[in-house]
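Contents: one structure, followed by commentary.
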Amino acid sequence: MLGCADPLSSLWRASSCRRSQAPVAPLTFILHAFVTPRMCPLMSRCLIISCLLLAMIGCDSQPVHVRALPAPPTEQPPVNLPASLHQRNWVGPRGEGSCVHASIVNHSRGLNLYEFGERWRATYSDGEYDSRLRSRLDAAGIDYAFTLKADPRFLDWCSMTNRGAILWWKPSHCCAFEGWVDRDGQQYAAILDNNSPGRFELTPREQFIRLWAGYGGFALSFTSDPAGALPYQSYEVIQ
Amino acid sequence: MTESVKIQLSWGLLALAAIHAVILGFVMFAAHPPSHEPLREQWMPPQSLNYGTSVQSRVDRLETPASVNLNAQHEIKRAGGCPTCPQARYPSIPQSNQPLYINGERVVHIGPTVPIRPVAPAPPVNDVIPAAGSMTMPAVTSVADQPTKKKYQVLLFLDRSEKSIQMAQWFTDDAQLLQLRAASDFQVYSADNALYRARFAAIVPANQFPVILFQDATGGHIHAAGRNMIPDTAAELWADIAAGELLYRQAKSGDVQMSGAIKSKGYSWDDQISPTMSLSSADCPDGQCPSADTSWRPLDRLRPNRDGGLFDNLPAKAFVWANGSELATVGLMALAACLLFYILMKRGQ
């Protein structure tokens, strides 16, 4: 370090031929630092590093700026099955209504299992009860979740995950639950009744839970992935 | 050596840095001129949606029972009570040995003890149609588990093209895309899919197939690519998706810039860059336009996502969270400061 005690002086000595002239521009010293062999190694290293650092400045790519776009209102009900895909109830060979099977078809269509729903519709009809329904779904290799206790958390899960469910609703009847709907600060159950396709019927949550228990409290939902929300552009790139 | 000359040397170094920065600014401005080219005709999701809701406004009021009715729970549900409904009778299983065909599909007779064997549609010769619901992709959910709400959705819109078949195969064979699929709600649509025709046809036209949509649970797009924007390899597709996810998070955090030892890759929206726009209150619903994240503070950076490790494999192991330019500038300033300090110390002696 003693040898480099005055590195700037060594630079000055290297350009001593110009000492009598007007003070040399500061930049000249930098140039001389590279050409004089007597320059202190430490100073030369510092200047080399400085030049390398200078060369690195600005090498990064241009930053990208993006802007979030406003999101549309949440779709309601969560399983907004188009009216053209609503399956109407039908009478089976034994003269019984096929509401359970119609609800299964509606539930399948809401989960983009249209072909499965068609096969089910062509295979089963007339009345149905919960245990035989589950055994038939087991035979078909369908994964499902269900409740027998009118557990509102089950319907909360069905709504939150955009799956919906089928459930016992109204006397001796089965309908499709399409999720919770928020309206005017209150929560309603949206029901697709296969006897009245083309619309969703709303019932306040508390009343719905009590009624559902009275009708048996059974609900069932497939665990396959939901159909997917309608896409919208959520951000854009700006210059 | 006079002190003034020594000090001039240090000031000269700083002046050189400033001149270099100014020159770089001019060079970058010249190299990245504002684009005046019209946007190419490429598909992108709409910015607003019109839901065809049929939610009835009338609220039903029915009687209130006390508790779970176990008798009603196990009874046969066979309500057909719709006197005005047509007495539709769907074709029953024939008694003869002739197989039943519906819409070109053979229906297997189902009895109380015969298990259902789902019949996949027979593909045309030399053609594979990835029809929705009939793709033999491995299941990723357990029977016993009740799946939680997933943060992401992956929608594939496929046709009979080779690119469609290839893309569908990526989500079966590629480890990263398979992991993405497991972490997302995954659906496949074709042009003849009933749900596609009823819900998505107006948004994702069939002439843009194949299309991949990677979106959040509300439908907000994260990465969208159609037809020519679909890359040639699964790795490139994954990189595009990861880049889109980065921009998505950047937008949601108020355009907080990503910085650090990360190389940003080009993404499918490169050609979709729109001219500089500004949102007025008339452009936004209820006159409320999105505003920047007020929680952002200077020097805040957008860190790599640690969300379940899905995008955690990005090369983001920076020792110092600053980019190359910032490090070089800081280094240069430190060096100049050291030199200046040294000169002043010598001057004091």
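Note that the structure is a prediction, hence the values are computed from the model and not measured. All values below come from the heavy atoms of this structure, side chains included, with hydrogens, waters and symmetry mates left out.
- Heavy-atom minimum distance, Ala194(B) versus Leu85(A): CB-CD2, 3.8 Å.
- Neither the backbone nor the side chain of Ser125(A) has a heavy atom closer than 4.5 Å to any heavy atom of chain B.
- Contacts between Leu195(B) and chain A at a heavy-atom distance below 4.5 Å involve backbone atoms as well as side-chain atoms.
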Open item on the list: Evaluate Lys150(B) against Asp225(A) for side chain to side chain contact (heavy atoms under 4.5 Å, CB included), listing each step before the verdict.
Closed with: CA-CA 9 Å; Lys150(B) 293 180 181 172; Asp225(A) 289 343; 3.6 Å; yes
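- Proximity to chain B is limited to the side chain of Arg163(A), based on heavy atoms less than 4.5 angstrom apart.
- For the atom pair CZ (Phe200(B)) and CG (Asn112(A)), the distance works out to 8.0 Å, reported to the nearest 0.5 Å.
- Using a 4.5 Å cut-off between heavy atoms, Ala217(B) contacts chain A through its backbone alone, with no side-chain atom that close.
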TODO: Evaluate the side chain to side chain contact (heavy atoms under 4.5 Å, CB included) criterion for residues Thr218(B) and Thr74(A): first the C-alpha distance (whole Å), next the side-chain angles of each, then the deciding distance (0.1 Å), finally the verdict.
DONE: CA-CA 7 Å; Thr218(B) 68; Thr74(A) 305; 6.0 Å; no
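- For the atom pair Leu247(B) CG and Glu236(A) CD, the distance stands at 12.0 Å (nearest 0.5 Å).
- With Gln187(B) contributing its side chain and Pro226(A) its backbone, the two residues share a donor-acceptor pair below 3.5 Å.
- Considering only heavy-atom pairs separated by less than 4.5 Å from chain B, the leading option among Met160(A), Arg132(A), Lys149(A) is Met160(A).
- Interatomic distance, OG of Ser234(A) versus NZ of Lys252(B), reported as 5.0 Å (0.5 Å rounding).
- For Asp138(A), no part lies near chain B; criterion is any non-hydrogen pair under 4.5 Å.
- In plain terms, the two heavy atoms of Arg199(B) and Pro82(A) that are nearest each other are CG-CG, 3.6 Å.
- Proximity to chain B involves both the backbone and the side chain of Leu148(A), based on heavy atoms less than 4.5 angstrom apart.
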- [ ] Kindly indicate, with the supporting measurements, whether the criterion side chain to side chain contact (heavy atoms under 4.5 Å, CB included) is fulfilled by Tyr235(A) and His221(B).
- [x] CA-CA 8 Å; Tyr235(A) 67 89; His221(B) 98 281; 3.6 Å; yes
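- Heavy-atom distances place no part of Phe146(A) under 4.5 Å from chain B, backbone and side chain included.
- Among Ala227(A), Gly110(A), Gly127(A), the residue with the largest count of heavy-atom pairs under 4.5 Å with chain B is Ala227(A).
- For Asp151(A), the salt bridge (charged side-chain N to carboxylate O under 4.0 Å, His left out) partners at least two apart in sequence or on another chain are Arg153(A).
- Contact annotation: the side chain of Pro147(B) never approaches that of Thr161(A) to less than 4.5 Å [non-hydrogen atoms, C-beta and beyond].
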Open item on the list: If you apply the rule side chain to side chain contact (heavy atoms under 4.5 Å, CB included), what do you find for Lys149(B) with Asn162(A), and how did you get there?
Closed with: CA-CA 9 Å; Lys149(B) 184 175 178 67; Asn162(A) 299 329; 3.9 Å; yes
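- Under the 3.5 Å distance criterion, the side-chain polar atoms of Trp157(A) are left unmatched by any main-chain donor or acceptor of Thr148(B).
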